[in-house]
Each structure stands twice: as C-alpha cells, then as structure tokens.
Amino acid sequence: MKKLMVGNWKMNKNGKECAEYLDAFLEKYSGHREAWIAPQALYVKLVINSELKAGIQNCSEHTDGAYTGEVSPRTFREMGGHFVILGHSERRQHFSETSRGLNAKIRTALQEGLTVIYCVGETLEQREQGLTLSLIGDQLHQGLNDQTKATLENLIIAYEPVWAIGTGKTASPAQAQEVHSFIRSILTAKFPSFGQKTRILYGGSVKPDNVEELLAQKDIDGGLVGGASLKAKDFLALCGDM
Ligand code: PEP
C-alpha cells in the first residue's frame, strides 16, 4: 500500500488561497504517495472537485436533525467527501472532546461510509510520567469499543504526541515506532482481521527534512501534517515529489 500524507489545514486559507494551492500542488503531484487534504469545511468543495481526497476536521455524531451548527457526516459523504479527522488534540483541548464521547462520532462517520482518522497522543507531562502507552491504550479502547466490525476497514489511526504538534519538536523515529507498534498490537488483538492492515499515521512537526526517516519505520504508514502542509512546495516534498 502507498504511504499516505494527509494535510490538516486547520482554520487556515481562504477560497482564493485554497484554489491557488491546489493548482500549484496538482501541477507537480505524481501520485507516488497518496495525498489527502482537510481544508476549512467551508472550502471543502474545492478539494472535492480536485483529484485529491477531501476531508473535514470534525463532524456530528448525528446524521441530520435539530443540531444547530453541526456538520453532518451523511451530507458530507453525499457531496463527495472522503474522510474526517476525529479526536485531534486541539479539539480535545479547546472543545473538551473525550475518547468516550468520540466513540459515537466514529461510529456514525464509519457507518455513513467515511474514512475516519482517529487521533491519539500523550502530553509531555504524561510522557515524562511514563504514562504514554497506557494512555494511548485507553484512548483506543474508549474510542473504538463496540464499533461495527464491517466498517473498520475505513479506520485510520494517527499517533500525534501533543508535545510535537505545531512545536517544531518531532518524536524521534524510534519513539514514534515504539508507539506505532504498540498501537498495531492493540488493533490486532481487538480486530484480528483488520489490525495488521490498518494504516497508522504519525503527526507532530513532520517536515521535508524528517519525513523520510519517519516513513522508513515499519509501522509508520504515512503522516498527518499541519504546518508543513500549508505550503504546496513543502507538501509536495512530503509526498516525495520534489
Ligand atoms: C496536526 O495538527 O495534526 C499537526 C501534526 O500539526 P504540525 O504538523 O504543525 O505539528
């Protein structure tokens, strides 16, 4: 399977900037690695209309109804959307999302046919206290318990150490591989037919100068990238195209 690079643009780029980026990116993109993009939800149609797979950065646990301000995973799928990022640490931090609460969003999004990128990761304090693996185990169990087995082939996990997101500090390849291999062992025990093939992405200050050594690790199947996905030139480099 090809390595997968996912750009999380967070709340950046207006419509003109999105369109210019897509033009510049697509001019040089070879498809050597898969490239998916989650722009601001308001501009997601621009990505849907390109040849890249489009995502949103959150969605409702409901498909429709009286939920003012929410984004429906069903509607997003119907308009050609492909994936949703759930459980990003910024949403856990600023919007009080919890793994238990995310369980319902993951279920609905998978049942509606979206691919879910479920983010897990520890803070620096938790790492220093030696809690990394137990915390990630809990995040996986709480988010993934009782999910419909038939939908799990559309599940992707992103390991994003909170201390590495937007900080310029990257987990070393060995640190990342240790956690990815742990995640793989949990997935394999929980879902014997899917665990080995579930994609596990690394996220946290991935840049053109550290991407290759991260991707060389056995259980790192790609990257979830914030800052370095905002410039077409850098994202191309992460996709192996420059
Ligand atoms: C992210 O927001 O998911 C992320 C990994 O950000 P950055 O690449 O900027 O650390």
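First listed ligand is number 1; within each ligand, the first listed atom is number 1.
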Exercise: do Ser89 and Glu160 side chains pair donor with acceptor under 3.5 Å: no

Atom pair CG/NE2 of Leu236 and His32 - distance to nearest 0.5 Å: 12.0 Å

Leu26-Val225 co-clustered via ILVMFWY side chain contacts under 4.5 Å: yes

Asp221 (side chain) donor-acceptor with Leu201 (main chain) under 3.5 angstrom: no

Test: Arg92 and Glu97 ion pair at under 4.0 Å: no

Close residues, ligand 1: non-hydrogen atom nearer than 4.0 Å: Asn8, Lys10, His88, Glu160, Ala164, Ile165, Gly166, Gly203, Gly204, Ser205, Leu224, Val225, Gly226, Gly227

Salt bridge (charged side-chain N to carboxylate O under 4.0 Å, His left out) between Arg33 and Glu212, intermediate numbers included: CA-CA 12 Å; Arg33 289 179 186 151; Glu212 298 304 329; 2.9 Å; yes

